[in-house]
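Contents: one structure, followed by commentary.
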Amino acid sequence: MENAPVSKNFIENIIDKDLAEGVYDHVCTRFPPEPNGYLHIGHAKSILLNYGLAKEYGGTFNMRFDDTNPTKEKVEFVESIKEDIKWLGADWEDRLFFASDYFEKMYEVAVRLIKKGKAYVDDLTAEQIREYRGTLTEPGKESPCRNRSIEENLQLFQDMKDGKFADGEKVLRAKIDMASPNMNMRDPVIYRVAHMSHHNTGDKWCIYPMYDFAHPLEDAFEGVTHSICTLEFEDHRPLYNWVVEEAEFPHPPKQIEFAKLYLTNVVTGKRYIKKLVEDGIVDGWDDPRLVSIAALRRRGFTPESIQMFVDLVGVSKSNSSVDYAMLEYCIREDLKLKRPRLMAVLDPLKLVIDNYPEGQTEMLTAPNNMENEALGEREIPFGRELWIEREDFMVDPPKKYKRMFPGTEVRLMNAYFVTCTGYDTDEDGNVTCVHCTYDPETKGGSAPDGRKVKGTIHWVEASHAGKVVTRLYENIVDEEKGVYNKEDGSLNLNPNSLTTVEAYVEPCLMEAKAYESFQFVRNGFFCADYKDSKEGAPVFNRIVSLKSSFKLPK
Ligand code: ATP
Ligand code: MG
């Protein structure tokens with residue numbers, strides 16, 4: 001399609017067709033998390049997809065907690081999920097719903113199905129139901145209770161609701177087709193007895209609807225048009241359609257499946273993260289090495305970078321894994337022009353300018369971001385003693401080395417040209433201090449006689465430097481060995497996933513507020529940690545280094 005202005009994804013194509021054919025006259029999407037854990041990057045994809053479609057078509061986006069399962073849900077997660085979605089920028093306005101608010105209406109639909117002869121109460125045990133269901137190659141067997149009278153079913157279902165049966169003693173099943181090639185259609189259970197308290201409805205109910213019955217009804221009650229879910233529900237679609245059809249909604253919702261987002265070398269499974277937290281390997285669900293939305297926020301990712309990532313990944317029908325480096329690419333791109341570029345030294349070595357007056361300091365002016373003038377300028381102290389990176393000096397460098405070694409002249413970023421005159425060592429021969437002289441004529445970084453230098457190195461003036469804790473990260477799992485151990489399914493942890501380094505930084509960085517982020521020149525992007533930073537003593541998490549292994553596909 002050479003002339004197509006923008007290429008739409010397959011979901012947009014479905015929506016376009018539905019609107020053109022008058023199947024719907026508007027678009028309503030939703031995000032329906034189960035409040036049983038924190039959201040992760042995969043959920044972010046689903047949220048931004050659903051919200052983005054609603055916005056694109058001038059429609060509405062609903063937020064709905066799918067809290068039909070009383071055992072697993074926790075109120076704690078409801079709050080964290082709301083916070084994460086707000087942070088991502090998806091706005092549900094006044095449409096915050098709870099599936100449990102529909103229990104009464106769901107019950108009414110179940111009664112209607114019984115009255116239509118489309119549902120029956122079964123006495124078989126869970127195990128018998130499994131046996132009767134048959135296999136992929138053999139049809140199922142009908143339950144002896146399948147042909148109960150409508151009156152008897154109504155009475156028994158009422159008794160289930162009234163608490164006359166123990167857990168598992170009776171279930172309500174949809175009456176569909178025990179010989180269907182789709183196992184989900186072989187008279188699925190739609191209500192079970194469970195004497196459990198629910199976080200929202202308390203002890204009002206002792207019967208609870210099953211997911212495959214509840215979910216389509218939730219969508220239909222809310223007037224959702226396009227119910228977008230992940231591929232594992234493809235086989236459930238006939239049942240979804242059966243439910244909304246038998247419940248006789250005039251404009252039933254349509255289920256559309258897309259592939260889940262998987263990232264390489266990260267852990268998303270709730271079970272694994274829980275264990276990492278319990279074993280004290282990570283510092284909670286928002287440890288910056290995780291990819292929960294809370295962890296990404298803590299590490300310093302922005303909503304814009306996640307949106308960019310989701311857009312780059314696109315929507316597809318086949319499962320695949322996306323390289324973590326692509327997410328890193330997006331945050332670099334987003335912060336590149338937005339954040340000041342300051343100087344910080346992570347592996348300090350002392351540099352003494354022997355011809356600079358002792359006890360003197362001066363203030364130099366530096367642009368905050370060479371590529372974005374709008375970020376303004378700042379003053380930085382300069383003096384006789386500085387910190388430089390250890391790797392920026394070598395006694396005996398290889399040929400192409402452009403930084404400092406005896407006899408060479410380099411530029412101190414935003415300051416002067418200096419010429420290395422010598423160095424001190426300890427008894428073991430380790431360099432402890434580098435000596436140089438500066439040329440006062442080269443203030444601002446260029447020489448009046450036009451001579452050039454090959455290298456520019458960053459620095460921090462020693463007497464004004466702030467000392468901070470920085471945390472450098474690698475993937476939490478070992479890339480070489482793979483995420484999971486083949487033998488026992490345990491995680492192959494990377495012992496170097498966290499390195500803590502004391503760094504010297506420009507004085508202004510000592511005022512950094514939680515979540516504020518910066519580029520530390522040549523060292524990467526860093527963000528002040530909200531948990532561990534104290535007033536005047538920030539802790540910086542490295543969001544990402546500046547080196548990229550990812551190339552944007554052409
Ligand atoms: P997990 O077990 O990984 O936390 P889940 O599917 O159990 O995921 P739910 O709360 O049931 O979590 O999911 C809410 C929505 O998010 C669903 O519509 C689901 O399809 C979608 N979703 C979950 N994981 C992903 C993923 N990796 N990529 C895209 N969408 C996802
Ligand atoms: Mg789930």
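Counting starts at 1 for both ligands and their atoms, following the listed order.
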Measuring from [atom], which candidate in [options] has the nearest non-hydrogen atom?
{"atom": "atom 8 (O) of ligand 1", "options": "Lys45, His43, Arg271", "answer": "His43"}
{"atom": "atom 1 (P) of ligand 1", "options": "Glu257, Arg30, His215, Lys270", "answer": "Lys270"}
{"atom": "atom 26 (C) of ligand 1", "options": "Pro32, Pro33, Gly42", "answer": "Gly42"}

Polar proximity ligand 1 side, Glu34 side, N/O cut 3.5 Å exclusive: yes

Polar atom proximity, Phe258 to ligand 1 (N or O, under 3.5 Å): no

Could a heavy atom of Phe31 be found less than 4.0 Å from some atom of ligand 1? yes

Is His40 near ligand 1, meaning one of its heavy atoms is under 4.0 Å from it? yes

Check whether the side chains of Asp488 and Ser490 place a donor and an acceptor atom closer than 3.5 Å, and report yes or no. yes

Could Lys118 and Glu245 be called an ion pair, given the rule that one side-chain N must be under 4.0 Å from one carboxylate O? no

Could you pull out all residues at least two apart from Ser533 that satisfy side-chain hydrogen bond (donor to acceptor under 3.5 Å, both in side chains)? none

Only one of Arg471, Lys531, Arg299 passes salt bridge (Lys or Arg N to Asp or Glu O under 4.0 Å) with Asp283; say which it is. Lys531

Ile293 and Ile41 have their tightest heavy-atom pair at CG1-N, 4.5 Å

Backbone of Met196 reached by a side-chain donor or acceptor of Tyr208 within 3.5 Å: yes

